[in-house]
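This report concerns only the one structure given below.
Residue numbers begin at 1 in each chain, while the letters A, B, ... track the order of the sequences.
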Amino acid sequence: MIFENKYIQQRIEKANALKDAGYNPYANNSQRNTSIEKYLNVNSDIAETETKRDENRHYIVSGRIKFLRIMGKASFVKIEDESGMLQIYISRDNLPEGFYNTIFKKNIEVGDIIEVGGFPFVTGQGELSLHVDSFTLLTKAIAPLPEKFHGITDKEIRYRKRYLDLIMNSEVRKTFQIRSRVISLTRRFFEDKGFLEVETPMMHPIAGGANAKPFVTHHNALDVDRFLRIAPELYLKRLIVGGFEAVFEINRNFRNEGMDATHNPEFTSIEFYWAYKTYKDLIEITKEYFQYLFDHLDLPTLLPYGDLEVNFDNFQEIPLIESLTSVGGVPVDVTKDKEKIIAYLNEKGITVKPGMNLGQLQGELFDEFVEEKLIDPTFITDYPVEISPLARRNDEHPEITERFELFIAGREIANAFSELNDPVDQLSRFEGQMAAKESGDDEAHEMDSDFVEALSYGMAPTAGQGIGIDRLVMLLTNEHSIRDVLLFPAMKPVTQETAEDS
RNA sequence: GUCUUGUUAGCUCAGCUGGUAGAGCACGUCACUUUUAAUGAUGUGGCCGAUGGUUCGAAUCCAUCACAGGACACCA
């Protein structure tokens, strides 16, 4: 039985006592006329007055009781709404006869949501407060809140019961407010640039656009399996074929893989595609985008991240092969030779899967020796074609692609390239991926012949980019686990749940 | 998936080399009309994550399992 806990029983009894006394413990007649933040702002002048009070002003505020200090015939209570915390002063003689002793002191407690009216005054300790002359219980909380000083620190409870985390930790609310603003600003930035926001399918017949294992579901009416999308890329490019010249989509992707500090099975990205542009233009718009975010979020461009400090005025641009040497310290002659790379990696105690090609090995070197050293924002450009199945080849150097990934604080934030629009090349790249899949790479890209057919009608030269919103928010809020920027991160069910459900 | 550390009251945590459980907050009762984690007095509260084992005796030792945190692997 869910309410068998004795503290909950006790509070249910209080709710019943209130009902018996004619007070609805779940009243629905809120008269609130200001937020706590506004109240504190509007009345900040009271401190300057001689009496430190103004009985001619009157406000009604609402909030959850966070602290309750009862001192005989008067009490101080701290209530919190979304905007902030306010101290209210309640004295017996300012409320109806008997209310203070028999209702307030007996049946109101921390966690309850109340509404009070009164006038502003400043206490002897100098705190702007509300002198209460009317008191209404709006919602009785029958479950006791966690301890008032330490709050709730158990990460498991914080993630599983995010509502408790939000009640107890106001800075958590702040993180999610920033997240919301980042998404809103991102939308506005691209709209202002003339991009059109579109919605493409979340359920795909072929899971394409990235290398990842998909979630599978079944469509009964058609009796076909569908894959939750791993990326919207191939649909957005179909729209470019259709004649839209600048589109973007902000939404969830799903990948059926491991979970850790930077991976959640569902995550949010923005992908945008821009016709008649190249990856060089994307570098410029990306810098502009970050500038825009920092301006509107009012963040310092020298941003702390854990022990690191990231300088957002210092965007770097380094070709991947060059970075292996200049950042990773790998000798130049090693970076261009398959056998030497394998020998070099082995020497460093790293074993590689047999049959890797030069591009994959260069990627391996990058992951191993470069990625974590890229602290200030760095565009790594010119990726090997073998590890870029959807990117356009460089006209002069067909073994590399017109692509970049943006790294910040040692982590990949964005992936972008001039799109491959040669349908014959695209077909053969898919075939190469098929071959890789045959030889055991179960995350190789699926053949999508409908997409190849779309390209065959002609896609204007286009540049496209994806940005991981969760990781971006982590960076901007100095959070180090993706779970701290997801309101409801994925969790394993606890045993009891599964037993009851089955 | 591997390694590692946790899981004790509603919450935050003690509990040493095995001898039937402790604190603070919260809650109950009493006192208190300017407090700031209010204070003082007093009391209630526990299947010590689950299941087995060792033992006269297990919160404590061992094994298995579950969940979580961290690290690694995987995820270009």
Side-chain angles (χ1 to χ4, degrees), chain A residues 4-11 13-14 52-53 66-78 85 87-94 100 105-106 109-111 121-127 129 131 141-161 164 167-168 210-213 230 255-265 267 320 350-351 353 356-357 359-368 371 380 383-384 386-391 403 405 412 415 433 436 441-445 480-481 483 489 491-499:
Chain A
E4 71 189 4
N5 178 282
K6 60 187 173 297
Y7 297 107
I8 293 179
Q9 282 299 325
Q10 204 170 68
R11 295 175 79 125
E13 280 164 26
K14 291 187 183 186
K52 301 214 182 287
R53 56 169 57 207
K66 299 299 287 289
F67 297 95
L68 187 56
R69 295 188 276 273
I70 296 176
M71 297 167 305
K73 300 182 185 65
S75 298
F76 286 93
V77 182
K78 292 234 172 171
M85 184 103 78
Q87 174 169 270
I88 61 175
Y89 175 74
I90 300 174
S91 71
R92 185 191 63 184
D93 300 337
N94 289 314
Y100 182 83
K105 275 169 74 174
K106 295 290 177 192
E109 55 208 317
V110 171
F121 80 113
V122 174
T123 65
Q125 303 294 315
E127 180 165 349
S129 306
H131 204 288
I142 61 166
L145 285 184
E147 202 247 4
K148 61 189 170 189
F149 185 61
H150 298 93
I152 191 149
T153 59
D154 185 321
K155 286 199 168 170
E156 182 170 357
I157 302 178
R158 289 187 46 216
Y159 297 147
R160 286 190 195 277
K161 303 185 181 180
L164 264 186
I167 289 171
M168 297 309 296
N211 296 5
K213 293 188 197 107
I230 56 175
R255 297 188 184 178
N256 204 342
E257 290 164 352
M259 295 156 56
D260 62 26
T262 56
H263 296 82
N264 194 69
F267 63 98
L320 185 136
I350 298 148
T351 50
K353 280 183 245 163
M356 288 180 92
N357 56 44
Q360 289 172 320
L361 288 165
Q362 288 168 333
E364 197 71 21
L365 283 177
F366 179 83
D367 292 346
E368 210 58 56
E371 180 167 358
I380 295 294
Y383 276 65
E386 298 95 320
I387 55 174
S388 312
L390 299 166
R403 173 182 176 191
E405 287 194 1
E412 180 194 338
N415 180 18
Q433 290 288 307
D441 181 356
D442 59 357
E443 287 176 352
H445 215 286
H480 294 256
S481 170
R483 295 177 163 200
M491 299 292 279
K492 274 199 195 181
V494 297
T495 322
Q496 283 168 338
E497 278 180 22
T498 48

What pairs with [X] under ring-ring contact (aromatic ring centres under 6.0 Å, His included), at least two apart in sequence or on another chain?
X	value
H263(A)	none
F366(A)	F407(A)
F121(A)	Y89(A), H131(A)

Of all the base pairs, Watson-Crick or G-U under 3.5 Å, which form stems of three or more consecutive pairs involving RNA chain B? B:1-7 with B:66-72, B:10-13 with B:22-25, B:27-31 with B:39-43, B:49-53 with B:61-65
Any idea which heavy atoms bring [X] and [Y] closest together, and the distance?
X	Y	value
V77(A)	I90(A)	CG2-CD1, 3.9 Å
K66(A)	V110(A)	O-CG1, 3.8 Å
H445(A)	A210(A)	NE2-N, 3.4 Å

Say we look at [N] and [M]: how far apart would their [atom1] atoms be, to the nearest angstrom?
N	M	atom1	value
U55(B)	A23(B)	P	35 Å
C16(B)	U8(B)	P	16 Å
G49(B)	A59(B)	P	10 Å
G22(B)	A14(B)	C1'	7 Å
G19(B)	C61(B)	C1'	15 Å
G52(B)	U60(B)	P	14 Å
C48(B)	A58(B)	C1'	11 Å
G1(B)	C11(B)	P	29 Å

List, with names and distances, any nitrogen or oxygen atoms from the protein found under 3.5 Å away from nitrogen or oxygen atoms belonging to nucleotides 22-25 of chain B.
{"from": "C25(B)", "atom 1": "O3'", "to": "K148(A)", "atom 2": "NZ", "distance (Å)": "3.3"}

Syn versus anti for U36(B), judged by chi lying within 90° of 0? anti
For C47(B), is chi within 90° of 0 (syn) or not (anti)?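 Judged by the O4'-C1' to base torsion, C47(B) sits in syn, the angle falling within 90° of 0.
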Listed partners of R403(A) passing salt bridge (Lys or Arg N to Asp or Glu O under 4.0 Å), at least two apart: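 For R403(A), the residues satisfying salt bridge (Lys or Arg N to Asp or Glu O under 4.0 Å) (neighbours in sequence not counted) are E405(A).
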For E371(A), what residues pass the salt bridge (Lys or Arg N to Asp or Glu O under 4.0 Å) criterion, not counting sequence neighbours?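 Salt bridge (Lys or Arg N to Asp or Glu O under 4.0 Å) list for E371(A), sorted by chain: empty.
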Quick one: is [N] close enough that its OP1 or OP2 comes under 4.0 Å of any side-chain N or O from [X]?
X	N	result
Q125(A)	U35(B)	yes
K106(A)	C30(B)	yes
R69(A)	A38(B)	yes
R92(A)	U33(B)	no
T153(A)	U12(B)	yes

Any base atoms under 4.0 Å from [X], or only sugar-phosphate, or nothing? Heavy atoms, all strands.
X	answer
G151(A)	sugar-phosphate
G363(A)	nothing
M168(A)	nothing
P389(A)	base
E405(A)	nothing
F67(A)	sugar-phosphate
I70(A)	base

What's the separation between atom CD in E109(A) and atom CD1 in I142(A), rounded to the nearest 0.5 Å?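 The CD atom of E109(A) sits 11.0 Å away from the CD1 atom of I142(A).
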Which distance, rounded to the nearest 0.5 Å, do you find between the NZ of K213(A) and the CD1 of I230(A)?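 Answer for the NZ-CD1 pair, K213(A) versus I230(A), is 11.5 Å.
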If the condition is side chain to side chain contact (heavy atoms under 4.5 Å, CB included), which residues does [X] pass it with, not counting sequence neighbours?
X	result
M491(A)	E156(A), Y159(A), R160(A), R483(A)
H150(A)	E147(A)
N357(A)	Q360(A), E386(A)
R92(A)	K73(A), Y100(A), N101(A)

5' precedence on RNA chain B between S91(A) and N415(A) (nearest-nucleotide basis): S91(A)
Taking the nucleotide of RNA chain B with the nearest heavy atom to each, does G124(A) or R403(A) sit closer to the 5' end? G124(A)
Measure [atom1]/[X] against [atom2]/[N] and give the value in whole Å, please.
X	N	atom1	atom2	answer
K492(A)	U7(B)	NZ	P	19 Å
K78(A)	U34(B)	NZ	C1'	13 Å
M491(A)	A66(B)	CE	P	16 Å
I90(A)	A38(B)	CD1	P	14 Å
L68(A)	U36(B)	CG	C1'	13 Å
D154(A)	G49(B)	CG	C1'	12 Å
R160(A)	C67(B)	CZ	P	8 Å
K105(A)	G28(B)	NZ	P	12 Å

Would you indicate whether the side-chain heavy atoms of K78(A) and K148(A) approach each other to under 4.5 Å?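 No. Closest side-chain heavy atoms not under 4.5 Å.
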Protein N or O to nucleotides 70-74 of chain B N or O, pairs below 3.5 Å:
{"from": "C74(B)", "atom 1": "N4", "to": "D260(A)", "atom 2": "OD2", "distance (Å)": "3.3"}

Choosing from A76(B), A38(B), U36(B), which nucleotide comes nearest the side chain of N211(A)?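 Nearest to the side chain of N211(A) among the choices is A76(B).
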M71(A) side chain: which of C67(B), C32(B), C11(B) is closest? C32(B)
Within the modelled atom types, does a donor on one side and an acceptor on the other bring the side chain of E127(A) and the base of U35(B) under 3.5 Å apart? no
Less than 3.5 Å between a donor and an acceptor, one on the side chain of Y89(A) and one on the base of U35(B), is that the case here? no
